[in-house]
Amino acid sequence: MYMSYVRGLFSHFVIRVTVRNFSMNVTWDVVEVIAEQHQVPLNISRNVVRLLDDENTIPFIARYRKEQTNAMEPDKLRSILETLTEMRSVEKKIQSVHNSIDKLGKMSKFLEKSLLSAKTMHEVEILYAPFKPGSQRSLAEQAREAGLEITAENILYNGWRVNFATLIQPPPSKYSSIEEVKTGVKYIIADIIAKNTEARETINKLFLSHYVVLESKKKKTVEKKTKAGDKKAKTKPGKKHVEEHKFSNYFDFKCGIKSIKPHQVLAINRGEENNILSVKIVIPDSIKYEYLNFCRRTWIRPATPPENKNILEDCFQDAFKRLVSPQMCRFTRSELTKTAEKASIEVFCSNLKSRLLMAPLRGRIVLAIDPGFLHGCKVAVISETGQVLYTDTLYLHSHKNNVVKESEKLVDIISTNRCEVIAIGNGTACRETESVLSKCISQKLFGSQKIQYCIVDESGASIYSISTVAQKELPDMDQNIRGAVSIARRLQDPIAELVKIEPKHIGVGMYQHDVADNKLKDALDGIVQECVSFVGVDLNTASEHLLRKVSGLSSSQAKHIIEWREKQGNFCNREQLRLVKGIGEKTYNQCAGFIRINPTGNKLNLSEEVCEIEAGPSKGKKRKLKTESKQSSKKVKLEVKDGPNPLDRTWIHPESYGIACKFINQVGASMDQIGFPPFIDKVKQLVNSTSVEKLAKQYEIGEPTMSLIVTGLTQAINYDIREESEKPLFRTSVMGWSDLKVGEQLSGRVSNVTHFGAFVDIGVGTNGLLHVSEINKSLLRAKNRTNLAIGDKIEVKVVNFDVTKKRIGLSLVSFL
């Protein structure tokens with residue numbers, strides 16, 4: 001990852017920058033950079049950049065602009081967006097820095113050339129550092145201010161002999177002797193060499209091609225004496241104490257920068273921040289040797305006087321030791337951190353996507369238990385539609401109460417409400433609550449009623465329970481009971497419930513505290529938007545919070561949709577979204593394909609509403625209404641149909657409705673039959689008799705769009721992409737540490753994925769670690785997978801376990 005990132009630094013751009021009377025071409029074409037760095041054709045790169053510049057969302061581009069992106073996946077689109085944003089930031093920084101230096105009157109031709117050729121923030125910052133307000137002037141800048149720059153350039157570029165005695169300045173100048181003047185000239189030459197574009201590219205390439213090592217060692221603690229006596233210096237206030245043994249793997253650690261793992265980089269950074277580890281980059285002598293040879297070939301010519309050769313040789317050595325080497329070490333650490341953060345965010349996003357897309361549990365009454373000891377277990381019964389039917393607090397583990405009676409009460413609640421599924425939160429007292437329930441099942445206290453339970457990750461439930469969202473949804477309910485309600489709804493419809501919580505609190509990451517918060521938030525918000533959009537939401541039942549996550553919709557637009565729905569009644573078709581305040585053509589285009597209008601039978605009152613829309617194939621009468629346009633004083637007539645459109649139940653975008661209608665006519669079917677088996681069979685028969693490619697040519701559209709139309713028309717009326725995901729893992733009995741045996745095979749569910757392996761819930765209360773070395777790659781390939789995902793049901797073998805340390809080692813046997 002590090003190599004691929006740095007290679008991108010050598011990609012070329014082309015823009016023209018004009019500064020005063022000096023104009024030059026520099027290499028800045030972001031389209032070419034993206035094409036090279038992400039290995040995509042130039043025309044595809046150009047299309048993607050244009051689509052992103054036009055503020056199209058990632059879900060919209062990924063689903064409805066496949067012809068232009070060569071069916072690029074959302075993950076790759078996000079990666080390109082990140083690169084595009086970064087390159088644009090560099091460009092703005094260059095302009096900002098240039099203006100600042102220019103105002104100071106210190107912009108030289110050499111500095112300008114170096115600045116305009118900079119390709120990273122790191123390079124720009126190096127060039128700008130001496131000119132920042134309040135920054136200490138560099139040795140080279142001090143020498144320049146003394147008027148030694150022309151002499152330095154003549155030695156470096158022109159090979160002139162110099163009489164340094166003529167440059168001596170009277171005291172108190174720092175350059176009052178020949179040696180001082182010569183040293184000042186050397187500082188300037190070293191600075192020019194270190195900032196030279198070709199020299200920077202050379203050192204970058206050398207770091208890529210040689211074995212550069214990152215070393216970490218246990219830091220020697222130094223006892224500091226305080227005024228009070230020989231006592232250890234106090235720990236900084238607010239700084240958490242970190243146990244040293246957690247970093248024991250890095251007390252004597254060496255690894256090449258090309259092969260070091262992201263989690264290792266983040267752990268080492270954490271150890272260094274906590275003053276436990278000392279870290280350094282070790283540069284091999286071969287890099288110095290080749291760099292010095294490059295400098296000699298570049299600046300020493302046959303005609304260079306011997307005395308100048310000696311000066312230049314000293315400058316080459318000084319530039320490498322004092323400037324280039326430290327800069328590259330800082331740059332390498334920075335890039336390793338950046339790459340590790342990016343990789344960790346990618347894993348976090350992958351885990352979040354798996355969690356959000358877990359299959360919903362439909363049509364079942366759920367009893368949720370938020371376990372606890374002293375304050376009891378909070379219980380909530382939730383209907384098939386998510387309504388709260390019953391709440392209570394049971395003291396199943398308290399000696400102050402009759403535990404037997406409390407257990408009987410639990411059985412009575414389950415039987416009375418005809419609950420078939422119990423969701424137990426995985427927090428405190430989870431194992432004990434599971435044991436109580438397992439005992440009730442084994443003793444057949446529920447009679448013939450089939451009862452199963454499922455352990456549900458309750459991460460973030462407590463945060464939700466005190467949020468404004470929870471207060472609005474469950475205003476008269478105790479906040480502790482709200483947590484139980486959330487646990488039940490997570491099982492019934494994971495995505496609808498989890499969008500109410502900040503993604504970083506959902507409990508699917510390992511390094512969220514080591515990653516820049518804004519980067520993590522942006523990435524996770526993008527994943528939430530993608531998942532919500534691709535699953536689709538019912539416009540007439542979706543909450544405001546869920547609507548906010550739909551592609552193209554903002555918080556205010558989601559609020560206006562709810563207000564319009566409350567005032568006018570249910571939406572009959574997608575077109576009516578255009579009637580909602582704040583939703584213009586662009587917003588409608590971005591979000592329309594990701595919302596659904598399921599049949600409700602409700603009529604719509606359009607007596608005072610507004611619109612002018614091309615109605616498409618919707619049934620019903622057109623209503624012409626007038627409204628004042630905010631952009632103009634003219635009255636705009638809008639036209640919508642108030643009847644339902646069966647295509648609104650599919651993921652086909654309204655822009656393709658015309659083609660979809662023609663295709664349905666060709667099939668010989670009726671619009672009202674969309675989503676039902678006879679209709680689906682007719683569509684499949686026609687497609688099998690020809691091909692999607694031929695149909696695309698017939699209708700003069702792209703093959704991806706034709707394929708999307710066909711797929712949309714061959715999906716059942718209640719199709720949900722989450723049905724293809726792993727189902728929750730249900731149990732009827734509990735298992736403990738005493739039941740574990742080395743070599744035993746158990747079924748489990750992947751609960752988290754990291755760079756070093758996966759954690760698997762095997763039902764003993766502690767997740768086992770499936771290390772990467774124990775994951776059979778052939779099993780992944782057979783599933784067309786590159787890694788495990790949260791929710792995967794797998795068969796594992798117990799390799800080892802330690803009861804005292806609560807550690808279990810597993811190996812992958814098969815997928816279930």
Side-chain angles (χ1 to χ4, degrees), residues 2-3 5-10 86 89-90 93-94 97-98 101 108 110-132 135-144 152 156 186-215 256-258 260 265 268-269 272 278-296 298-299 312-340:
Y2 174 77
M3 290 183 67
Y5 185 89
V6 177
R7 284 194 187 98
L9 305 181
F10 309 124
E86 186 176 341
S89 297
V90 171
K93 184 69 174 178
I94 288 173
V97 167
H98 186 284
I101 297 175
S108 66
F110 161 74
L111 178 59
E112 189 170 54
K113 182 178 179 181
S114 299
L115 185 61
L116 297 178
S117 63
K119 300 168 186 172
T120 66
M121 285 290 188
H122 176 76
E123 290 177 298
V124 177
E125 288 295 341
I126 288 174
L127 295 168
Y128 184 45
F131 307 98
K132 284 184 176 180
S135 65
Q136 188 175 3
R137 292 171 302 159
S138 68
L139 296 172
E141 283 305 308
Q142 294 175 35
R144 285 189 175 99
L156 183 63
K186 286 180 180 179
Y187 284 148
I188 296 174
I189 294 174
D191 184 67
I192 293 173
I193 290 168
K195 293 176 179 176
N196 178 268
T197 302
E198 290 77 17
R200 290 204 310 263
E201 291 184 354
T202 297
I203 195 67
N204 282 337
K205 289 176 181 177
L206 289 172
F207 262 64
L208 279 176
S209 59
H210 288 67
Y211 188 66
V212 181
V213 173
L214 183 143
E215 281 188 4
I257 62 172
K258 299 175 189 175
I260 192 168
V265 172
I268 288 171
N269 288 351
E272 186 179 37
S278 61
V279 187
K280 67 176 180 178
I281 298 292
V282 181
I283 304 173
D285 292 338
S286 55
I287 287 183
K288 179 180 178 181
Y289 175 78
E290 291 188 35
Y291 180 80
L292 294 178
N293 279 342
F294 164 81
C295 292
R296 295 181 187 115
T298 304
W299 286 290
L312 291 175
E313 189 65 40
D314 290 344
C315 292
F316 300 154
Q317 297 280 350
D318 180 50
F320 183 84
K321 181 179 180 181
R322 185 171 56 85
L323 301 174
V324 175
S325 178
Q327 286 172 5
M328 284 307 298
C329 289
R330 289 194 297 270
F331 175 71
T332 300
R333 289 291 304 277
S334 173
E335 290 302 296
L336 286 174
T337 299
K338 189 184 297 184
T339 305

How long is the span from the [atom1] atom in [X] to the [atom2] atom in [Y], to the nearest 0.5 Å?
X: L156; Y: K186; atom1: CG; atom2: NZ; value: 14.0 Å
X: E290; Y: T202; atom1: CD; atom2: OG1; value: 10.0 Å
X: K288; Y: N293; atom1: NZ; atom2: CG; value: 12.0 Å
X: Y187; Y: I192; atom1: OH; atom2: CD1; value: 15.5 Å
X: E125; Y: K93; atom1: CD; atom2: NZ; value: 4.5 Å
X: E335; Y: R330; atom1: CD; atom2: CZ; value: 13.5 Å

When you check the gap from the basic side-chain N to the acidic O, do R333 and E272 get nearer than 4.0 Å?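 A salt bridge links R333 with E272.
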For the pair Y291 and F320, name the ring-plane relationship: parallel under 30°, tilted 30 to 60°, perpendicular over 60°.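 Rings of Y291 and F320: tilted, as their planes differ by 30° to 60°.
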Of the non-hydrogen atoms in [X] and [Y], which two are nearest, and what is the gap between them?
X: L336; Y: I257; result: CD2-O, 3.7 Å
X: A190; Y: R322; result: CB-NH2, 4.0 Å
X: V282; Y: V212; result: O-CG1, 3.6 Å
X: S209; Y: K258; result: C-NZ, 3.7 Å
X: I193; Y: A199; result: O-CB, 3.4 Å

Report yes if some heavy atom in the side chain of [X] is under 4.5 Å from a heavy atom in the side chain of [Y]; otherwise report no.
X: I189; Y: D318; value: no
X: I260; Y: I268; value: yes
X: L208; Y: N204; value: no
X: Q327; Y: F331; value: no
X: L292; Y: Q317; value: yes
X: I188; Y: E141; value: no
X: W299; Y: F316; value: yes
X: F294; Y: E198; value: yes

Counting neighbours of OH on Y211 that are heavy atoms of other residues, nucleotides or ligands and sit closer than 6.0 Å, is the number greater than 12?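 It does: Y211 OH has more than 12 such atoms within range.
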Could you tell me whether the side chain of [X] and the main chain of [Y] form a donor-acceptor pair under 3.5 Å?
X: H98; Y: I94; value: no
X: S325; Y: K321; value: no
X: R200; Y: A194; value: no

Does either side chain, that of D191 or that of S138, offer a donor lying less than 3.5 Å from an acceptor on the other one?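 D191 vs S138: no donor-acceptor pair found between side chains.
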Begin with the C-alpha distance, continue with both residues' side-chain angles, and end with the deciding distance and a verdict on side-chain contact (heavy atoms from CB on, under 4.5 Å) for M121 and S89. CA-CA 8 Å; M121 285 290 188; S89 297; 3.5 Å; yes
